[in-house]
Amino acid sequence: MYQIPRGTRDFLPEQAARFRRLEEIAVALASQYGYGELRTPIFEYTELFARSVGESTDIVEKEMYTFQDRGERSLTLRPEGTAGVVRAFVENKLYNGPLPAKYYYFGPMFRYEKPQAGRYRQLWQFGVELFGAAGPRADVEVIALGWQYFQELGIKATLVLNSIGCRQCREEYKKALVAYLQGRKTCKLCADRLERNPLRVLDCKEESCQRELEEAPRISQYLCPQCREHFERVKSGLSALSIPFTQDDRLVRGLDYYNRTTFEYKTTELGSQDALGGGGRYDGLVELIGGPAVPAVGLALGIDRTELMDPPALRREPRRRGVWLVTMDPVTDEAIALAHPLRRQGVYLGYDLEGRSFKAQFKQADRNNCRWSLIIGPDDLSQGQAMLRDMETGEQRPLALENLVELVSQLEGVK
RNA sequence: GUGGGUGUAGCUCAGCUGGUUAGAGCACCAGAUUGUGGCUCUGGGGGCCGGGGGUUCGAAUCCCUCUUCUCGCACCA
């Protein structure tokens, strides 16, 4: 028997509907904030992710689905959404349009990781990217959008905030960090990171490295005056909007392109998978990808985990709706022909396709949660009428065949 | 990256120390009710007991091995 690939899943109708709702709410919210949809390919040239996400990140080092196509180009299934959006922004020269420019996306991402609850190899993200605004108000707007999403869904999330500074102050910090870590025992990978990208040591998974880091210098102590000012204004901006947050100067996040503001939405309800979403500012990335120096800030929210939180906004009471046609040979085709026009009126109409007994047909009506059963059997036809049965009360009454479609389509609960 | 658990019907699981044709509940289909759902009763279909190898007269059960799914920790969405 064929099996679904590890870390992927089928969405059966009920869960697919929940996901669709999560997407609708996200799209409505993004539109309301002035973001337009930007769809990019599911795969890009590998080089794009290596450059933008960062060569020495976990994602690029060990989590990418990379393959060669028949033209021997190296392609990679997108592990995150920002790189593709930035590529499209640059390639389509969108920086020549009015700025700031705002885009959102919703779709699957791919990471080769060990699956567990709330962690998948094909995962869904909703993200927004805001280009061309360098000031802290842009950071605040993006953070507020994500915050509102969880609020609307009724999910309890907390916001964690940090600033990792700009290129200049990070250089200072790097030096201090390297000086501190030199001579201390780190894992093999971190010894290498220490040379290539010392900041990555901060979120090393090895316990020994984490222990060594407890006393390490903190980035917050090395922010330059401009970065410090920016950070302060982001914080006061959030406070002005009554968005609560905590500060955590260990929050560096797993991608290289961030600078200044980084943030994460967290939960305590999913165990180890506590990050519902996150983002930050990435001022140098557009330039790195070949565009002009356009500042940017964005976020990405994990939809799988959001759904796992069982958002109250998704809970709906099942209600009976629609009409089930009950009929019998030899008049089955005639009855279907009479009822079928209801579908053109937007009515939910169902009927048995296998010539089952009356009893079985009523059972199907019930199981399909129909509000009404419309009975058009040989006896009814010969009397020029149909019978209408209310599946909630069991009451039944005759209906004239002449204006059947009109009568039925005006009943309550048929759509 | 690391540590556990698990695999028997579509689903949830039972099957004690190896012993005939492998069971239950739910679900499905049918009948009781030859034109009436939700309740009840009766019957029915459906299993290479995850794969391979071994021990044995005999393996779902014991041993080895591969594998699947899943959960925790770390990190991330």
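Letters A, B, ... are given to chains in the order of the sequence lines, protein chains preceding strands, and every chain is numbered from 1.
- Rounded to an integer number of Å, the gap from A:Glu395 CD to B:U36 P is 19 Å.
- Proximity note for A:Ser357 (side chain, C-beta onward) versus B:G31, B:U36, B:G72: the nearest is B:G31.
- Among the nucleotides B:C71, B:A30, B:G37, the one closest to any side-chain atom of A:Arg356 is B:A30.
- Nucleic acid contact for A:Tyr265: none, since no nucleic acid atom lies under 4.0 Å from a heavy atom of the residue.
- Comparing the P positions of B:G7 and B:U70 gives a spacing of 15 Å, expressed to the nearest Å.
- Side chain of A:Pro378, nearest nucleotide from B:A30, B:A32, B:G35: B:G35.
- Residue order along RNA chain B, read from the 5' end via each residue's closest nucleotide, puts A:Arg389 first among A:Arg389 and A:Gly7.
- In this structure, CD1 of A:Ile4 is placed 18 Å from C1' of B:U67, rounded to the nearest angstrom.
- With both ends at atom C1', the span from B:G46 to B:U34 equals 29 Å, rounded to whole Å.
- Comparing A:Leu270 and A:Leu276, the nucleotide of RNA chain B nearest to each residue sits closer to the 5' end for A:Leu270.
- Checking the phosphate oxygens (OP1, OP2) of B:C29, a side-chain nitrogen or oxygen of A:Arg367 falls inside 4.0 Å.
- Considering only the side chain of A:Arg111, B:A77 comes nearest among B:A77, B:C71, B:C75.
- Nucleic acid contact class of A:Ile59 (heavy atoms, under 4.0 Å, all strands): none.
- For A:Arg305 and B:C76, a side-chain-to-base donor-acceptor distance below 3.5 Å is present, hydrogens and geometry of angles not being considered.
- With respect to A:Asp310 and A:Arg315, a salt bridge is recorded, a charged nitrogen being found less than 4.0 Å from a carboxylate O.
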For a side chain to side chain donor-acceptor pair (under 3.5 Å) check, start with the C-alpha distance between A:Asp379 and A:Ser382, then their side-chain angles and the critical distance, and finish with the verdict.
CA-CA 5 Å; A:Asp379 298 354; A:Ser382 65; 5.2 Å; no
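- Under 4.0 angstrom from either OP1 or OP2 of B:G1 there lies no side-chain N or O belonging to A:Lys62.
- Salt bridge A:Arg39/A:Glu37: present, at least one basic N to carboxylate O contact under 4.0 Å.
- Between A:Asp390 atom CG and B:G38 atom C1' there is a gap of 13 Å when expressed in whole angstrom units.
- Remark: the A:Lys114 side chain and the B:U2 base include a donor-acceptor N/O pair separated by less than 3.5 Å.
- For the P atom pair drawn from B:C11 and B:A27, the interatomic distance equals 15 Å after rounding to whole Å.
- Residue A:Glu113 is in base contact, counting any heavy-atom pair closer than 4.0 Å across all strands shown.
- Both distances falling under 3.5 Å, in either a Watson-Crick or a G-U wobble arrangement, place B:U40 opposite B:A32.
- Checking B:A77, B:C71, B:C69 against every side-chain atom of A:Ala275, the shortest atom distance belongs to B:A77.
- Atom P of nucleotide B:A77 and atom CG of A:Asp304 are separated by 13 Å, given to the nearest angstrom.
- In this pair, A:Phe362 lays its aromatic ring flat on the base of B:U36, centres within 5.5 Å and planes under 30 degrees apart.
- Nearest to the side chain of A:Phe358, among B:C73, B:C76, B:G35, sits B:G35.
- Atom CG in A:Asp352 sits roughly 9 Å away from atom P in B:A30 (whole-Å rounding).
- Separation of the C1' atoms belonging to B:G44 and B:C48 is 23 Å when rounded to the nearest angstrom.
- Proximity of A:Arg119 to the phosphate of B:C76: no side-chain N or O atom is located under 4.0 Å from OP1 or OP2.
- Residues A:Tyr173 and A:Tyr222 bring their aromatic ring centres within 6.0 Å.
- To the nearest 0.5 Å, atom CH2 of residue A:Trp124 and atom CD of residue A:Glu23 are 10.5 Å apart.
- Between B:C71 and B:U6, the two P atoms lie 15 Å apart (nearest whole Å).
- Between B:G19 and B:U61, the two C1' atoms lie 11 Å apart (nearest whole Å).
- The distance between atom CG of A:Leu123 and atom C1' of B:C75, rounded to the nearest whole Å, is 14 Å.
- B:U12 and B:G47: their C1' atoms are spaced 16 Å apart (whole Å).
- Residue A:Gln3 places no side-chain N or O under 4.0 Å from the OP1 or OP2 atom of B:C69.
- Between A:Arg121 atom CZ and B:C69 atom P there is a gap of 9 Å when expressed in whole angstrom units.
- Rounded to whole Å, the distance from CD on A:Gln273 to C1' on B:C71 is 10 Å.
- Comparing the P positions of B:C16 and B:U8 gives an interatomic distance of 16 Å, to the nearest angstrom.
- Between A:Tyr149 and A:Phe126, a ring centre-to-centre spacing shorter than 6.0 Å is recorded.
- Separation of atoms CG (A:Asp256) and OH (A:Tyr282) is listed at 15.0 Å; rounding is to 0.5 Å.
- B:G3: Watson-Crick or G-U partner is B:C71, with both key distances under 3.5 Å.
- We find that A:Arg121 and A:Glu113 are not joined by a salt bridge, their nearest charged nitrogen and carboxylate oxygen being 4.0 Å or further apart.
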